[in-house]
Amino acid sequence: MYRTHSCGDIRPEHIGRRVTLAGWVNRRRHHGGVIFLDLRNRSGIVQIVVNPETSTSAHDVAETVRNEWVVQVEGVVQQRPAGMVNPALPTGQIEVDADKIKVLNPARTPPFPINEETEVEEMIRLKYRYLDLRRPRMQRILELRHRIVKYIRDFLDERGFWEIETPILFKTTPEGARDYLVPSRIHPGEFYALPQSPQQLKQLLMVAGVERYFQIARCFRDEDLRGDRQPEFTQLDLEMSFVDREDVMSLTEELFTAMVEELLPEKRILAKPWPRLTYTEALDRFGRDDPDIRFGMELKDISDLADGCGFKVFERVVKSGGRVGGLNAKGCGEFSRREIDELANFAADFGAKGLAYLAVSMSGEHRSSFAKHLDDDRLQTMMDRLETVPGDLLLFVADQPHVVFESLGRLRVHLGDRLGLRDPDVLAFCWVVDFPFLMWNEEESRWDPSHHLFTAPMPEDVYLLDTDPGQAHGQQYDMVLNGLEVGGGSIRIHDRGLQEKVFQLIGLELEVAQARFGHMLEAFEFGTPPHGGIAPGIDRICRILAGEPHIREVIAFPKNQAARDVMANAPSPADAEQLEELHLRLVEGAPIAEMMDKDE
Ligand code: ASP
């Protein structure tokens, strides 16, 4: 037996008891003739006193040990002397008087300190991820993630869900990204695709009569790793039979609300039930379909005031079918010209050709790029609409609607960060519903599904697919948390004819559809129950709940921004023999790989 207790668990009630502990040396200190070792394992830290008067041999060993060595210690728990008590440590009242120390494994000096919270370059952290994960901060994250997943499993089990694994080697399951392909050795020239999600399989489980399925599922999407993305990530994948939108949404809402209340009682859920916004409302008010509703500063449309207002830029845009949107940067009325220019540059990165402003000082004076063109009444109406008081800064973008939404929506979040309005202890869940069923793909001049191929249109909009598809709405819902889409789902098509019509609408030739999804179409002919589901992203949710800036922080072994595992150095070249077996031949020079590695 290596140990009787875990380091962090020793308490005053153990005083007088003989214990055996094992762990890592967190720190070693000399104090007169006595050596103090802080012994650490994942449960915490305990102080070991190595007194030569207790045992010279233990003292001799303690002389040799260094940080991060793995040791076993035997001794008796004792009260710390008065004045040595450390109230900041759960074990701070006691210490272990060691009489035996055994080195289980020495350690090289680690490339960064494990025993303190220092900034370490991410590249180094990822290369030595096993040491990075040894740090208490990362251990807390691993534990939180475990608790979250366990909570999900227990909750769903109680409600009659079955956890079922689905294959990783499968066939294309598109979710809008590129597939990872795996060449088949046995079938020359043929490939498996790694699932972008288990979407088809969970639907087929509904055909199979499973009724309530879930899986903590790994998904694979080969896309550029902007923002919160990883080539492989984890979803709570869930599907239910005989349900409508309401059923799926309320179950999901109940699950995550109860989980936060149990696991993170220090966090505050902004609103219960979670607010629901239509897609149009989300864009109009926040400029985004993943709105951060923790703070106000909502967008306001002033297009009606622009027509004939005297300011040519506004007039022209509105005439050409655009709109003028504004937001009130509360309390920023004293921003300098330079600060306002910085905001304009920020908006320009998201397409805004200009940022008109009106700054109202605390004493009520105006500075503005356009107000002189407007008559007093109109200006006042505009200011009233934006609920302006002295000390406010009004910002306007005039352009096509998508540019107004994108630039002002981003600017709002940027200002929210800058003004400290995005409180990490507040969890603002909301639903976005009533998305357009299809989105027009400018580049390829065709419709794309706004969610995925298998989402059903609203029943009352099915006829529009023949007449005016752009007007149809889909039966989908997005789950948003603190300004990030953390899950999406929908009620599915369960009728072969309708599924074929959707394939056709998005320009998928029937033959191609048959080759790719023939098994789905066929399954729909054997009695498919109405069904729907959702897939909340575990990584994103964990990272928000853990208060971390990126999902890499909550994934044990993530890839870097160039999709590389820098610890194991993957991907890496394959042997000529392996390629031969897989019937593959490499093309000389791989420009894409070189390019990707550069942006590390
Ligand atoms: N398969 C979808 C996704 O990965 C989620 C769903 O519709 O259930 O986004």
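Counting starts at 1 for both ligands and their atoms, following the listed order. Since the model is a prediction, treat every value here as computed from it, not as a measurement.
- Taking the six-membered ring for Trp and thresholds of 30 and 60 degrees, Phe161 and Phe214 have ring planes more than 60 degrees apart, a perpendicular arrangement.
- Ring centroids of Phe346 and His414 are separated by less than 6.0 Å, placing the two rings close together.
- Aromatic ring orientation, His519 versus Phe517: tilted (interplanar angle from 30° to 60°).
- Under 3.5 Å, the side chains of Asn441 and Asp448 contain a donor-acceptor pair of N or O atoms.
- His531 and Phe524 have tilted rings, their planes meeting at an angle from 30° to 60° on a 0 to 90° scale.
- Among all heavy-atom pairs drawn from Pro457 and Ile493, the shortest one is CD-CG1, 4.4 Å.
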Pairwise, report which nitrogen or oxygen atoms of ligand 1 are under 3.5 angstrom from protein nitrogen or oxygen atoms, and how far apart they are.
{"from": "ligand 1", "atom 1": "1 (N)", "to": "Glu175", "atom 2": "OE2", "distance (Å)": "2.6"}
{"from": "ligand 1", "atom 1": "1 (N)", "to": "Ser197", "atom 2": "OG", "distance (Å)": "3.2"}
{"from": "ligand 1", "atom 1": "1 (N)", "to": "Gln199", "atom 2": "OE1", "distance (Å)": "2.7"}
{"from": "ligand 1", "atom 1": "4 (O)", "to": "Glu175", "atom 2": "OE2", "distance (Å)": "3.4"}
{"from": "ligand 1", "atom 1": "4 (O)", "to": "Arg221", "atom 2": "NH2", "distance (Å)": "3.0"}
{"from": "ligand 1", "atom 1": "4 (O)", "to": "Gln235", "atom 2": "NE2", "distance (Å)": "3.0"}
{"from": "ligand 1", "atom 1": "7 (O)", "to": "Gln199", "atom 2": "OE1", "distance (Å)": "3.3"}
{"from": "ligand 1", "atom 1": "7 (O)", "to": "His452", "atom 2": "NE2", "distance (Å)": "2.9"}
{"from": "ligand 1", "atom 1": "7 (O)", "to": "Arg492", "atom 2": "NH1", "distance (Å)": "2.7"}
{"from": "ligand 1", "atom 1": "7 (O)", "to": "Arg492", "atom 2": "NH2", "distance (Å)": "3.3"}
{"from": "ligand 1", "atom 1": "8 (O)", "to": "Lys202", "atom 2": "NZ", "distance (Å)": "2.7"}
{"from": "ligand 1", "atom 1": "8 (O)", "to": "Arg492", "atom 2": "NH2", "distance (Å)": "2.7"}

